[in-house]
Amino acid sequence: MTPLAPTYRSLEPPVRLVVLVYWSALLLIFVYNVRVRTRLPVHTGLKDREPVLLMLFRFILTATFFGAPYLFVREWLGLEILLFAVCLLLFYPWWTTRHIAIPLRMPRLAYALTAFGGMEWWFDKPEGPVAAAAWCLSRQRKATKQSVTWAEKQLVPSRPLRASTVAAHAMLAAVRGQFSEARMLFESMLLLHGRTAPVPMWRLCFEWLATDAAARGDWTAVRRFAAHYLAPRVSTLLLLADLAGRPPGKRKASIVEVFLSRLPFRSPNLKPILSGKPTPRCATKELHIVSPVSLEGALRASLDSADPHSASLTVLAETWDSILCDEHLRQRLALRSAALGGGDVDTALHQLRQLVESDLTEAIDAVLKNEESVSGESPLLKSALSSRRRRLLTELEERMARLDARRNKDQALPAIDEWKEFLAFHRTYTSIYAPDESPDRTIAFNMISLRLNSFAVWLHSQKKESVIANAIFRFLLPEARRSNSPSLEILSRNAKLSITDFTIKSERHPRSLRG
Amino acid sequence: MILPRIARAIEENPFYVLGVRPECTRQEFEREGQKLLSMLALDLAEVRTYNTPLGERTRTTELVRRSMAELREPSRRLLHEILAALPQSEIHTSQPTRPELDDRWVNAPALFGYGRFREGRQ
């Protein structure tokens, strides 16, 4: 920096002004970056792999950038412009990755540039760079196996999980064409704390989910993703949310709208998010209700391939109830049994009942998935609900036992597998009660709360998996609040500490989580 | 809504497979079964398929043998008689309501830079 002052004095007055503005802008950017530090991703105990090398390179870059005006004095204008351009691109490596390397589909360049990112990328390497590289690969017409393997090898399985780890695995799944897996992983990011990944990772997550939902025609999901509290207010999501509000059949944007939404700055012409009135749910179609209670009617209704609805499910269950209790059918079967010289009527009807009940259990799953509730006085339906509940509670208990076993043996899975295990657990738990407020929710919560809390404490304190532990506490917390559980205070404390205690190491009495 | 196990039990109902009435005698279905097995052994086109309320299905020797075994058991036969209440002709059920093809913006991910262009994305 020493030669800067004489260089500055030797400049022409108009050029001095330019250089002054240029340096002031840099200073402002620096001050801004320091100001937003509170919004930067939290430190979760991870370290950048080569911090010294990175700092050295950044120092050289800064020196070059500030010293560039010196070249102007020497009349090396071409070289100066080139240096300025390169320096600017490298000062904003994510911008360069997002708008140059990714559109050019250059995974290694995207990886290197993202790895060069400072500040908010500090704790997300190599996961963030791998996600960027995988993003490039997902845009290639046919990604080569070597490229995919190379990207996968950059991930370090032993590193604790962060939201970027999930994003990297999700993007790699998308590259392999496993869209369900990618969708599941990206959606799982919504369970994580917002400060466990840089903002660009959240943008990647929400834009991927929203565009994928649009591709599947699931506009309700598009609205849900766009309205999520972590979703950035970016043009893509604004546009998709706007489209979701349009009537069915008119939900494709013009090429101009797409072009505007892909500009690196926000288009002024787009409507504010969710300005469109939410489209009503798929108009309730006329339900195919089997009016005559006859065996033929019940069979026909059971083969009707219309989408399952709560009302039609209740009617179907009641129809089968009537059939199974029908005295005429019983008499007819008794006569047939006598004619055949054997066969137990009760056995035959019991077998039929079991067939219907197991089918109804599956149908209940489908209805609940549509966020409807199932209730009714039908004994068959009650029995199906009860058997479904038993199955799910058993499954939940088995999953919980697996978590307990790992904790007791002190053997954690690799971070991403541990996360997937928790996701499966979470899915089972939410399936038990979804979406109504049934007492099953309290039963399930009481079954798991203390053990899951202990598991999360173990993950955090022994395995340094603070992000997974935090997601578990944050999942348990509203459930505890709903059930008025006495563990509410502990969970609340754990949820707060699990994500921040890496930043409070300087405290004289470091706080610890409670199991 | 379709109940899969009931649908499967109807598809593979022995009375439909053997092409006999639910009131048939044991001799009748045994005779019919043997006849079908012989014809299938000769690979005659006319017996390769059979009609069910859910449409045409493929008939195999294994299915014929299993159907005969099921009908020999009186309690199982009673169950199959209940499930054979529908006529063999195809019934017309309402179509499932899936998102309209027009409502799916299949190329959205590619247009916004989140993948390559592809059709029929699942």
Side-chain angles (χ1 to χ4, degrees), chain A residues 102-103 135 138-141 174 179-180 207-208 211-212 214-219 236 240 243 248-249 251-252 258 261-262 282 285 288 295-296 299-300 302-309 312-313 316 329 333 336-337 340-345 347-348 351-352 355-356 358-360 362-363 366, chain B residues 1-11 13 22-23 25-26 52-55 71-87 90-122:
Chain A
I102 291 173
W135 188 357
S138 77
R139 293 184 61 166
Q140 289 181 352
R141 188 162 298 202
F179 294 111
S180 313
E207 287 189 335
W208 194 95
T211 51
D212 173 72
R216 289 181 290 115
D218 189 354
W219 295 96
T236 314
L240 287 170
L243 292 177
R251 285 168 171 158
K252 281 179 191 165
V258 173
S261 73
R262 295 209 49 194
C282 215
K285 29 182 205 14
H288 236 54
L295 179 59
E296 199 176 321
L299 287 171
R300 275 181 193 280
S302 304
L303 300 180
D304 193 340
S305 53
D307 276 351
H309 285 278
S312 56
L313 183 72
L316 183 60
L329 178 68
L333 289 175
R336 287 295 302 146
S337 168
L340 293 170
D344 183 17
V345 178
T347 309
Q351 285 172 348
L352 180 62
L355 264 182
V356 177
S358 61
D359 275 349
L360 284 178
E362 281 180 22
Chain B
M1 73 206 61
I2 195 151
L3 299 186
R5 287 177 188 82
I6 293 282
R8 193 183 160 94
I10 291 174
E11 273 177 343
N13 190 293
E23 301 82 27
T25 60
R26 177 165 179 160
T52 75
L54 289 163
L71 293 188
R72 283 177 201 131
E73 175 66 44
S75 290
R76 296 290 296 163
R77 176 172 172 157
L78 281 180
L79 174 68
H80 293 307
E81 284 190 15
I82 301 171
L83 293 170
L86 290 175
E90 190 173 352
I91 58 165
H92 296 283
T93 60
S94 53
Q95 292 301 309
T97 49
R98 301 199 186 289
E100 293 293 320
L101 192 63
D102 285 344
D103 212 27
R104 291 170 55 194
W105 194 9
V106 181
N107 288 327
L111 283 169
F112 288 105
Y114 286 92
R116 52 192 88 94
F117 284 90
R118 60 177 75 82
E119 287 298 321
R121 201 167 186 266
Q122 291 301 307

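A, B, ... follow the sequence lines: proteins, then strands. Residue 1 opens every chain.
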Hey, are the side chains of I82(B) and Q351(A) touching, using non-hydrogen atoms and a 4.5 Å cut-off?
no

What's the separation between atom CG in L340(A) and atom CD in E81(B), rounded to the nearest 0.5 Å?
5.5 Å

Looking at every non-hydrogen atom in both residues, tell me the closest pair between P87(B) and E296(A) and how far apart they are.
CD-OE2, 4.2 Å

Heavy-atom contact with chain A under 4.5 Å, split by part of R77(B)
side chain

Could you list the residues that satisfy salt bridge (charged side-chain N to carboxylate O under 4.0 Å, His left out) with E207(A), not counting sequence neighbours?
R203(A)

Given the rule in the ring-ring contact (aromatic ring centres under 6.0 Å, His included) test, do W208(A) and F112(B) qualify, once you have shown the distances and angles that lead to the verdict?
CA-CA 9 Å; W208(A) 194 95; F112(B) 288 105; over 10 Å; no

Is it the backbone or the side chain of L243(A) that comes under 4.5 Å from a heavy atom of chain B, or both, or neither?
side chain

Give me the atom names and distance for the closest heavy-atom approach of E362(A) to P4(B).
OE1-CG, 3.5 Å

State, to 0.1 Å, how close Y114(B) and S138(A) come at their nearest heavy-atom pair, and which atoms those are.
C-OG, 4.4 Å

Tell me the closest heavy-atom pair linking G343(A) and S75(B), and the distance in Å.
CA-OG, 3.5 Å

Contacting moiety of L352(A), where chain B heavy atoms sit under 4.5 Å
both

Taking T211(A) for its side chain and A108(B) for its backbone only, find out whether a donor-acceptor pair lies under 3.5 Å.
no

Looking at every heavy atom in both R300(A) and L86(B), which two are closest together, and how far apart are they?
CG-CD2, 3.7 Å

Honestly, the part of I10(B) sitting under 4.5 Å from a heavy atom of chain A is side chain

Out of curiosity, L303(A) CG to L54(B) CG, how far, rounded to the nearest 0.5 Å?
4.5 Å

A quick test of your reading: do over 12 heavy atoms of other residues, nucleotides or ligands sit less than 6.0 Å from CZ of R8(B)?
no

For chain B, the option from L333(A), L240(A), T347(A) that forms the most heavy-atom pairs under 4.5 Å
L333(A)

side-chain contact (heavy atoms from CB on, under 4.5 Å) filter on A85(B), not counting sequence neighbours, yields L295(A), L299(A)

Quick one: closest heavy-atom pair of L79(B) and A348(A), and the distance?
CD1-O, 3.6 Å

Rounding to 0.5 Å, atoms CG (L355(A)) and CD1 (I6(B)) come to a distance of 5.0 Å

